[in-house]
2 protein chains.
Amino acid sequence: MYLRYLEDLDTNGQQTASSDELAQLCGTTPAQVRKDLSFFGSFGKRGLGYPVHELTDQLRGILGLGHEWRVVIIGAGKIGAALANYRGFLQRGFRVVGVYDNSPEKIGQPWGEAIVRSMSDLARDVKQEDALIAVLAIPAEGAQDVVDMVVDAGIRAILNFAPTQIAVPPHVSLKSVNMAMELEGLSFALTNKGAA
Amino acid sequence: MYLRYLEDLDTNGQQTASSDELAQLCGTTPAQVRKDLSFFGSFGKRGLGYPVHELTDQLRGILGLGHEWRVVIIGAGKIGAALANYRGFLQRGFRVVGVYDNSPEKIGQPWGEAIVRSMSDLARDVKQEDALIAVLAIPAEGAQDVVDMVVDAGIRAILNFAPTQIAVPPHVSLKSVNMAMELEGLSFALTNKGAA
DNA sequence: CTACCTTTGTGAAGAATTTCACAAGCGACC
DNA sequence: GGTCGCTTGTGAAATTCTTCACAAAGGTAG
């Protein structure tokens, strides 16, 4: 989050930013900003604030955005399309090296700059292309099986959009996004606004 | 999350579920399950566990899923389409009453069961249709302006997919999902696997 | 009815996170 | 060079969240 706003400031030519300013942009507190950043090092100058450009570089390094990540997208549906279309995606060094689906009418179709391939090619391609990240954009049914397969093939991180719990071995990182659940959270908030 | 898995169990005809079982399904601990549920009441029977069907009902009530929520989708792009297509969406009582975009070639196009309308109709429609929830699936630029407008028109909760920080008055609930940020989290995890 | 197995609900302990508050450092200005 | 205003970095305090551990049931079997 800090990186996103620091990049904006950098683009605008701003030289330094105080923890107060970053906090306002990110919707947090100055103390939080300072604690967060201090975890990784001492980037600021007292009396001045943080050097915007230098800090973006540092954060990019910390986040591991210094090189290209090879990503496979599993599921050629709307969510997969939304991700592949997203400019910020490639901008940040995430390169989509393959899109996979198992519906016959989708396989072979052009899809952005790639062509949708069969799930049966997935394991082989992951190994061959050295993809380390997989985006899972398929229905809940069978999601775990697909995960097991790609983990076996060498995938080390998974971004899961399937509305189900996924289990991975400890050497694999996992993040899940569940849109329905987010909406339900809003429903709860609306319903209990008075009580809180 | 509990609701999701309880529904599955209910469909399978299971009568009761222990905190242990729920914890396994949800990827958490039995103690966590019991604390979470006990916050809202005392639903279980000692020695037996939780009554599956009754608890799903209770949770639906707590989450405010007992009635229909009227939702507008702002931005007729891929993300919006993914959401509208999502079955679990309507299933959970979220009814899309309008889709809005400001690109002339999209306005008037059919879109699922609705027709894409102009953003200039948005404020009026929100009032007329009594929509309380808005899904924001547009680029970061101008997102805040759109938010201000719909909040003014009576929207009380926003699910934001625009990759930017959004400010809302205290009576409005906000959840943000940022796919690029999730991926960067994975990049960080991969980069720092050794250190941790 | 009693003994025993199971599982909840919950105070208390422990861990993690956030906020506070202030010394220390930096630059600017006279 | 000294003073002053500003902002960081960080221990300590406060708060929040998670885990532990066990008494209080509910059920069952004999």
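Order of the sequence lines sets the chain letters (A, B, ...), proteins ahead of strands, with each chain counted from 1.
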Quiz item: For every nucleotide of nucleotides 17-23 of chain D, 5' to 3': is a protein heavy atom under 4.0 Å from its base (B), only from its sugar-phosphate (S), or from neither (-)?
Solution: -SB-B-B

Quiz item: Roughly, in whole Å, what's the span from NZ in Lys45(B) to C1' in dT28(D)?
Solution: 16 Å

Practice problem: Measure the acute angle between the ring planes of Phe89(A) and Phe94(A), then classify it against the limits of 30° and 60° as parallel, tilted or perpendicular. | Solution: tilted

Quiz item: Among Ile155(A), Ile133(A), Val72(A), whose side chain to side chain contact (heavy atoms under 4.5 Å, CB included) with Val150(A) holds?
Solution: Ile155(A)

Quiz prompt | Under-4.0 Å salt bridge between Lys45(A) and Glu54(A) | solution = no

Exercise. Look at atom CD of Glu105(B) and say whether more than 12 heavy atoms of other residues, nucleotides or ligands are closer to it than 6.0 Å.
Key: yes

Self-check item: Distance below 4.0 Å between Tyr50(A) side-chain N/O and dG9(D) OP1 or OP2
Solution: yes

Exercise. Starting from C1' on dT18(C), measure out to CG on Leu37(A) and report it in whole angstrom.
Key: 15 Å

Self-check item: Gap between atoms CZ and P, on Phe39(A) and dG11(D) respectively (whole Å)
Solution: 14 Å

Quiz item: OP1, OP2 of dT7(D) versus side-chain N and O of Ser19(A): anything below 4.0 Å?
Solution: no

Quiz item: Taking CD from Gln15(A) and P from dC26(C), how many angstroms apart are they, rounded to a whole number?
Solution: 19 Å

Exercise. Send over the distance from Phe40(A) CZ to dG9(D) C1', rounded to a whole Å.
Key: 16 Å

Quiz item: Tell me: CG of Asp20(A) to C1' of dG9(D), nearest whole Å?
Solution: 15 Å

Self-check item: Residue from Ile73(B), Val116(B), Asp121(B) passing side chain to side chain contact (heavy atoms under 4.5 Å, CB included) with Tyr100(B)
Solution: Asp121(B)

Quiz prompt | Short side-chain N/O contact from Ser18(B) to OP1 or OP2 of dT7(C), under 4.0 Å | solution = no

Quiz prompt | Pairing of Arg95(A) and Glu129(A) as salt bridge, 4.0 angstrom limit | solution = no

